[in-house]
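Only one structure is covered here, and it is reproduced in the block below.
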Amino acid sequence: VIDGYLIELRLLLPVRGRRRARILAEVEEHLRDDAAVVGEAEAIARFGPPRLVASRFAAQLAARSSRRLVVLLAGILTAYVVQLVLVTLEPPPPVFGFIEVPRWKVVPVDVLIALSWFRWGFVALAVGGLLLAAVRRNDVRAAAAAAIGFAGLAATPLLLRFTAQIVVDPSAYGTTLRWTFELWAVCALAGVVLAVRALTLNRAAKRLV
Amino acid sequence: VDDLLHRGHFTLLVLAALATGPAHGYALIQRLRDTSEGAFELPEGTLYPLLHRLEDEALVASRWTQVDGRKRREYRLTQRGRKALVAQEDAWRSFAAGIERVIARPA
């Protein structure tokens, strides 16, 4: 009976690897201890349905992912501020007069510049999400919104860089500033991965109840 | 009582039960059952997600130990956990005293 319970719990737990092995080992120890006193069926009845236990673990793991995400996002925010400072200290060379842009490049450049204005929406999403996540602790959706905001923000400098490559020589930018674009993109991507994980666990917790 | 436990008081009970010394999950449940004289009959499996959360928040620490040749995960209160316990005990006492004053009616 205990073996059947453990198999069911193993299938329901929304986590793998060492964490799942630890949970199952603890549950098995508990059930075997209790079964020695009250019998297997009673031990399982007292322990609670596997769905309930799995849902509580999913909620706990979602909260954990959400906390990690907030820490990562705070790091990304710091990196963003550093980048803004670097852009101020190391601006691209000023462009004087009319730049000869081939006709085929005019529309793509205009579109990219227009898209880059969305960054203020991403700034709002990132800052708003972070503030909400700080106020409402363990709020997975707030943290995920912040992650999406940061990912968008990471995309816009790359977008701007791409735009700049069309009209300005990229070597005009300083090395430090150039690598911050890539670093930023990697951090934001990690943020999105964590956000997706936190949201998946949160959904699993609700589905299992 | 179970409803009250789900509203966060389970954390206080677990921290208080660990204040008397390190214990693995099953021993903790027995400790809670004995000291409360069977007042709290909740699904025992819900203890473990709570212990894992408390560990994430650094209120408890855990390690594998060997007891009678069997591997067990033993939990103990951290310094931070002790501070959280004192704060939660104060909050609970003030809450319970308030309730008591309201429900105490002259006979």
Side-chain angles (χ1 to χ4, degrees), chain A residues 2 5-6 8-10 12-15 18-38 40 42-71 137-138 198 201 204-205 208-209, chain B residues 1-3 5-11 13-14 17-18 22-34 36 38-76 80 84 87:
Chain A
I2 289 178
Y5 185 95
L6 291 171
E8 200 178 340
L9 184 60
R10 183 188 171 86
L12 289 170
L13 282 172
V15 66
R18 285 172 63 185
R19 172 66 59 165
R20 183 169 72 178
R22 176 183 156 183
I23 293 170
L24 291 171
E26 283 187 273
V27 170
E28 184 173 7
E29 281 301 320
H30 185 111
L31 289 174
R32 303 235 179 263
D33 278 340
D34 208 22
V37 181
V38 296
E40 288 198 8
E42 180 61 19
I44 282 169
R46 295 205 313 196
F47 201 78
R51 287 186 79 84
L52 174 71
V53 177
S55 79
R56 294 286 169 87
F57 268 116
Q60 174 256 326
L61 292 163
R64 176 192 168 97
S65 286
S66 163
R67 273 194 299 273
R68 284 181 173 181
L69 185 57
V70 169
V71 171
R137 288 185 66 202
N138 300 340
L201 286 164
L208 285 162
V209 168
Chain B
V1 172
D2 285 357
D3 197 32
L5 286 178
H6 287 300
R7 285 186 217 158
H9 303 299
F10 194 22
T11 305
L13 291 176
V14 170
L18 277 172
H24 53 84
Y26 185 66
L28 256 183
I29 286 284
Q30 282 182 317
R31 220 178 257 180
L32 275 173
R33 191 177 289 140
D34 292 347
S36 72
F40 311 122
E41 286 298 334
L42 73 165
E44 294 173 5
T46 56
L47 170 71
Y48 292 92
L50 175 64
L51 283 170
H52 284 225
R53 177 170 69 77
L54 295 177
E55 193 174 0
D56 288 343
E57 293 171 6
L59 300 181
V60 306
S62 75
R63 65 189 177 110
W64 287 110
T65 56
Q66 288 279 341
V67 181
D68 300 330
R70 287 172 70 180
K71 221 168 97 170
R72 289 171 191 281
R73 193 82 184 179
E74 190 184 75
Y75 292 87
R76 64 170 175 81
R80 199 171 160 184

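None of these values were measured; they are calculated from a predicted model. Naming convention: chains lettered A, B, ... in sequence-line order (proteins, then strands); numbering from 1 in each chain. Below, all heavy atoms of this structure are taken into account, side chains as well, without hydrogens, waters or symmetry copies.
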Most contacts with chain B, counted as non-hydrogen pairs under 4.5 angstrom, among [options]:
options: His30(A), Gln60(A), Arg32(A); value: His30(A)
options: Asp34(A), Val27(A), Ile23(A); value: Asp34(A)
options: Asp33(A), Leu31(A), Val53(A); value: Asp33(A)

- Task: State which residue, out of Arg70(B), Arg73(B), Lys71(B), fulfils the salt bridge (charged side-chain N to carboxylate O under 4.0 Å, His left out) condition with Glu29(A).
- Result: Arg70(B)
- Query: Taking only residues two or more places apart in sequence or in another chain, which ones pass side-chain contact (heavy atoms from CB on, under 4.5 Å) with Gln30(B)?
  - Reply: Tyr26(B)
- Query: Among all residues two or more places apart in sequence or in another chain, which pass the side-chain contact (heavy atoms from CB on, under 4.5 Å) test with Arg63(B)?
  - Reply: Thr65(B), Glu74(B)
- Item | Ile29(B) versus chain A, the contacting section by heavy-atom distance below 4.5 Å | side chain
- No-hydrogen, no-angle side-chain donor-acceptor test under 3.5 Å, His52(B) and Glu26(A): yes
